[in-house]
Amino acid sequence: MTTAEQRRVLITGASSGIGLEAAKILLARGDALTVVCRNAERAERTRTALSGSVDTCIADLADLASVAKAIEELRCDGTPFDALVLNAGLQYAGHDSPRWSAQGIELTFAVNHLAHQLLAEGLKEHTRALVITSSEVHNPTTGGGRVGKPAGLGMLKGLRQGPGAPMVDGESSFDADKAYKDSKLCNLLMALQIHRQRPELPVVAWSPGLVIPRTSEGFFRNSRQANPLGQALFGFVARDVLRLTESVERAGALLVQLIDEQLHQPRFSYWSNGLLGPGRHRFSPTQPSEEATDSTKATTLWALSSDLIAASLATSN
């Protein structure tokens, strides 16, 4: 895959934030882009933001039936995507009770993991390379991973329980921040499992670092609803005082860099935009957490997730 030829790229989470910035760069280079959007209104806003030069596909990641319908539509074209970029992410830290998907699954896990596994599996015959946006917070030894309850899937008892389980481990009380960390751990385990299933497929997982845009949109929009003053203060201190954050523009450029440089290599890799000091980051291959490299857990997570997706779709029909 080279930048000299037009590439076909399918991306989730490109209506705002990092994905939108990456989409702008890809389109400017002449790539053909399909953006997965939650609804028609969101699709129209995205086309406007990207000057109309983009295809959109309607799929609500909080509804597995909607995702399955979109997959069928995407398959009809028959032309493979050079890169499938699973970038969408949801967090609602600060909320005390779980939210639920259309199938009654905790929303963070449903959107960040299950919807993306369904896309990856459903489009596997139409995908030449895969990028998955994870986060350093999946790792309890990193700075963000040490704040609050650490990521950890335990014995996956919540996933075995099925709809209605507030946490994947089935043991912890609900914690929206941990639910997000756990979903990012699931992303890495999913990437590992896909690579083991298809070793010829380039699979890249990555962490953009802490990105806090100044707009009301983007990744932290749900958390702002629960604690607007606290989130505003957190953003100001982290971004403007301590300079711990990465700009959304730079993060978007890093995502494109992965597509440019890594997606012709048939391997699995994890890249992290690590913080070196105030205003300084280094983007490099990084070792995931110990749990994220557990091949047995990766296989079990994939199988249980597949079963839950199948059961949910059967119920939705």
task = Using a strict 4.0 Å threshold on nitrogen-to-oxygen distance, state whether Asp82 and Arg128 make a salt bridge.
result = yes
ask   = With a 4.0 Å cut-off, would you call Lys69 and Glu72 a salt bridge?
value = no
Which atom of [X] lies closest to which atom of [Y], heavy atoms considered:
X      : Y      : result
Leu201 : Ala129 : CD1-N, 3.7 Å
Phe109 : Cys186 : CE1-SG, 3.8 Å
Leu255 : Ala22  : CD2-CB, 3.7 Å
Leu27  : Leu50  : CD1-CB, 3.8 Å
Leu61  : Ala88  : CD1-CB, 3.6 Å
Glu106 : Ala179 : OE1-CB, 4.0 Å

task = Mind checking the OG1-CG spacing from Thr127 to Leu10? Nearest 0.5 Å is all I need.
result = 7.5 Å
query = Hey, what do you get for CG (Leu74) to OG1 (Thr34), rounding to the nearest 0.5 Å?
reply = 7.0 Å
Does a donor on one side chain sit under 3.5 Å from an acceptor on the other, for [X] and [Y]?
X      : Y      : answer
Thr142 : Asn139 : no
Thr133 : Asn87  : yes
Thr299 : Gln193 : yes
Thr56  : Arg47  : yes
Ser289 : Glu291 : no

query = Do other residues, nucleotides or ligands put more than 12 heavy atoms under 6.0 Å from the CD atom of Glu200?
reply = yes
Return yes if some donor-acceptor pair links the side-chain N/O of [X] with the main-chain N/O of [Y] below 3.5 Å, else return no.
X      : Y      : answer
Lys181 : Lys149 : yes
Asp177 : Ala93  : no
Ser135 : Val137 : yes
Glu136 : Gly145 : no
Arg198 : Lys124 : yes

inquiry  = List the residues meeting side-chain hydrogen bond (donor to acceptor under 3.5 Å, both in side chains) with Gln103, not counting sequence neighbours, and say none if there are none.
reply    = Asp63, Ser316
ask   = Would you call the rings of Phe283 and Trp206 parallel, tilted or perpendicular if under 30° counts as parallel and over 60° as perpendicular?
value = perpendicular
note = The side chain to side chain contact (heavy atoms under 4.5 Å, CB included) partners of Ala165 (sequence neighbours excluded) come to Gln161
